[in-house]
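Scroll down for the structure; my scribbles are underneath it.
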Amino acid sequence: MFKLTSNFSPTGDQPQAIAQLETGIQANLKNQVLLGVTGSGKTFTMANVIQDLQLPTLIISHNKTLAGQLYQEFRDFFPENAVSYFVSYYDYYQPEAYMPSTDTYIEKEADVNELIDTLRMQTSSNILSRNDVIVVASVSCIYNIGSPEEYKKFTHFLNLGDSVDWKQLSRRFTQLLYERSEFDFKRGTFRVRGNHMDIHLSYEDYAIRIIEENGKIRELHKIDPLTGERIDKERLEQVVIYPAKLYLTDPVVLERAMGEIRHDLEQEYQAMKKMGKDLEAQRLLQKVNYDLEMLKEVGYVNGIENYSRYFDGRKAGDPPYSLLDYFRTAYGDDFLVFIDESHMTVPQIRGMYNGDHARKKTLIEFGFRMNASYDNRPLRFDEFYRIPPHLIYVSATPDEWEIEQAESEIALKTKKKALEDSTHKGVVEQLIRPTGIVDPEIEIRPAESEIPDLVKEIEKRAKKNEKILVTTLTKKTAEDLTEYLKDKEIRAAYLHSDVHTLERSDVLDNLRKGEFDVLIGVNLLREGLDLPEVTLVAILDADKEGFLRSKTALIQTMGRAARNVGGKVIMYADTITGSIAYAKKEIERRRKKQTVYNKKRSIVPKTIYKPIREKIIDRPEGDDLLFDAIRKDFQLEKLDDIDENSMTAYDKKKMIKALRREMKQCAEDMNFEAAILIRDKIRHLSS
């Protein structure tokens, strides 16, 4: 049962918005829009809808930073419920690709973030075992993750009093892709110690201890993986063990799939030969036969996902199994999907399939992959759209498509008298902030002298301990401006897509803590960031019409100044573009409504300072210090001074992690010789 925990009650136009959205869902509307200005409490409205209707919910965000913030908010709202975080688990990802013009084949290369992988595993186990589930996800939730039905088959139940044999249980855990490890006890491993066995669940921070007596399970405990101490208070009667990985292969299914792969391989090989593609045909034959040998011997091969259609029992062209299928399998049609910042997220969902298909097409045409790899893909938009029973598009600037879907469905329902609430228009507006704060004042200044003018504005606010956001058009400009401000003894930092996923939230927290005064970014400073200390948003090159300076982008960026009563927006522009004119007019419309509302109710606007939330994940202390030490004074000759013989396994793991980050930095700086030397050192340490 969902239980919302908050010191606040719905206020302003939140009660009206909540009521209309719930009416729409109860009337079986598929599409609704929540048009809520920044700071109006859209997240709180969503939380109230979830509690009132008691429906499992998927919330999709278009970037990891916002997904992280939403996850933290919902975790605070629902501390007793299963709030999960599901984003791409790659810190670094280079997809497999081939460039015919230079005859260059690029192997898939990825660095998996184990902590995010754990949260993904936790998501799948929560969905299949609980009804009080809220998942905050990025658009990666539309990618193939294997069949939920197959995943459920591998679930193992441990009950008090059950007969147990360590050999059989070890074999079963191995089938679930757990590894036996007597010394390095970590997530996804198990070990045997006399009359008890410990298994460190891949999706939890704790391990399970199974105590055997006379061939039966006498006790089940949760234990601390490090100390082995018992951490549960109540006696466990049953424990459910979910697989260590989302993608598994049953031996029977594997044998069938390999037969189908061989059959299709022969057909594709002969087809290429007939087209005169002898080289490509031989390449395909050699690559797939190697993969089949690996599958036969170890049951796994790098790139196994390219054969997923055979394992899932899907036909060519069938949609892949995604996180939405887990929701559908567990809850049928009784769940909600919120699309946060829908003006950005919906186009992103639309574009995923085409980019993936174009890359796969080249690989297939040149014999690097079979046609089946087309079916290891994200959902097409029409496939995605069919699954959710209820979609609520949440945005301060919803796109025309979302509005059209919602309004046309309302018109049809009203015509058929299927909706009692005649005031529901499909688009639910939420323009009033509980704090009474109105939209920020907007000022347009010449771009010619934008930097000197900006410095003056920053210095003025920094003296009062107020915070400033600055948006630029490129990453390079953001970094250069940060260095320029630091040279002037202004505390500044930048935030863009190259900053690691979990570190982005830390940067935002550090701004709020007062560790610096100015945060400079490109596109990550637009939607959803909750920073009440910010009193100024400066938009550089505001008249450079385009994606980053469209009417939607401008309105969203201006919204970052709407959390503080002293909020102000300065746009630096030499010409008034159509986007600037529209954005200014829309903000003035909202300001007028908000001012009238405050005046009627004698509301005095006030800034509410929210506490800084706990981090999504507490990373081990020392990781950042180690990396900073290497970055501060990195010299290649010091690589030879790294003595692996004097390191513990844990120290070696930290060193490898830090070196990998340095290697990527060297590659980005085009210092490829240094990157190669560091790569070789990493391989030596890993061997």
Side-chain angles (χ1 to χ4, degrees), residues 1-2 55-60 67 71 74-75 78-89 112-138 140-141 143-159 169 172-179 185-190 197-210 220-225 231-232 234 236-250 312 321-332 334-335 616-617:
M1 181 175 179
F2 289 105
L55 288 174
T57 301
L58 172 64
I59 302 160
I60 306 176
Y71 169 66
F74 278 99
R75 189 176 62 180
F78 296 97
E80 298 178 20
N81 303 115
V83 181
S84 303
Y85 184 61
F86 190 95
V87 299
S88 170
Y89 52 27
V112 174
N113 186 309
E114 292 183 10
L115 298 174
I116 295 179
D117 190 26
T118 299
L119 293 173
R120 285 167 62 95
M121 295 301 305
Q122 197 174 66
T123 298
S124 57
S125 61
N126 281 344
I127 292 172
L128 296 177
S129 61
R130 303 178 62 159
N131 291 321
D132 60 334
V133 173
I134 298 170
V135 178
V136 180
S138 64
S140 63
C141 70
Y143 275 79
N144 177 36
I145 58 172
S147 167
E149 293 294 345
E150 284 297 312
Y151 184 82
K152 284 173 68 177
K153 286 180 186 177
F154 283 85
T155 302
H156 187 77
F157 292 86
L158 297 170
N159 300 285
L169 193 57
R172 178 57 175 166
F173 287 162
T174 302
Q175 288 177 346
L176 301 185
L177 298 185
Y178 286 87
E179 296 179 8
F185 191 50
K186 58 185 180 181
R187 286 187 178 94
T189 64
F190 65 94
M197 177 185 282
D198 300 333
I199 178 167
H200 195 337
L201 304 179
S202 65
Y203 44 88
E204 296 289 358
D205 292 328
Y206 58 80
I208 297 295
R209 174 160 290 173
I210 309 155
L220 292 168
H221 297 311
K222 293 179 183 177
I223 64 167
D224 185 309
I231 57 175
D232 57 335
E234 298 179 2
L236 298 178
E237 298 287 337
Q238 183 187 72
V239 172
V240 182
I241 308 293
Y242 289 96
K245 301 289 181 185
L246 283 172
Y247 204 92
L248 298 98
T249 53
D250 183 279
D312 296 342
Y321 293 107
S322 69
L323 188 67
L324 285 111
D325 290 286
Y326 277 73
F327 270 86
R328 185 163 55 179
T329 297
Y331 312 121
D334 294 324
F335 69 94
I616 296 174
I617 294 172

Check: Listed by chain and number, what are the salt bridge (charged side-chain N to carboxylate O under 4.0 Å, His left out) partners of Asp334, not counting sequence neighbours?
Finding: none

Next item on the list: Only counting residues at least two apart or in another chain, list the ones meeting ring pair (Phe, Tyr, Trp, His ring centres under 6.0 Å) with Tyr326.
Entry: Tyr151

Check: Does Arg209 use its side chain to pair, donor to acceptor, with the backbone of Leu220 at less than 3.5 Å?
Finding: no

Next item on the list: Please list, chain by chain and in numerical order, all residues satisfying ring pair (Phe, Tyr, Trp, His ring centres under 6.0 Å) with His200, sequence neighbours excluded.
Entry: Phe185

Next item on the list: List for me each residue that meets ring pair (Phe, Tyr, Trp, His ring centres under 6.0 Å) alongside Tyr331, sequence neighbours excluded, and say none if there are none.
Entry: Phe327

Check: Mind checking what makes side-chain hydrogen bond (donor to acceptor under 3.5 Å, both in side chains) contact with Glu204, not counting sequence neighbours?
Finding: Gln122

Check: Which residues pass the ring pair (Phe, Tyr, Trp, His ring centres under 6.0 Å) test with Tyr242, sequence neighbours left out?
Finding: Tyr203

Next item on the list: Under the side-chain hydrogen bond (donor to acceptor under 3.5 Å, both in side chains) rule, collect the residues that match up with Ser84, sequence neighbours excluded.
Entry: Asn126

Check: Taking only residues two or more places apart in sequence, or in another chain, which ones meet Gln238 in a side-chain hydrogen bond (donor to acceptor under 3.5 Å, both in side chains)?
Finding: Asn159

Next item on the list: Check salt bridge (charged side-chain N to carboxylate O under 4.0 Å, His left out) between Asp224 and all other residues, then give those that pass, not counting sequence neighbours.
Entry: none

Note to self: Using a 3.5 Å distance criterion without hydrogens, assess whether the side chain of Asn81 forms a donor-acceptor pair with backbone atoms of Met1.
What the structure shows: yes

Note to self: According to salt bridge (charged side-chain N to carboxylate O under 4.0 Å, His left out), who are the partners of Asp132, at least two apart in sequence or on a separate chain?
What the structure shows: Arg130

Next item on the list: Could I get the full list of side-chain hydrogen bond (donor to acceptor under 3.5 Å, both in side chains) partners for Ser125, not counting sequence neighbours?
Entry: none

Note to self: Given 3.5 Å as the limit, does a donor-acceptor pair link the side chain of Asn131 with the main chain of Val133, or not?
What the structure shows: no

Next item on the list: Kindly write out the residues that satisfy salt bridge (charged side-chain N to carboxylate O under 4.0 Å, His left out) with Lys152, not counting sequence neighbours, or none if the list is empty.
Entry: none

Next item on the list: Using modelled atom types only, decide if a donor and an acceptor are shared between the side chain of Ser140 and the backbone of Ser88 within a distance under 3.5 Å.
Entry: yes

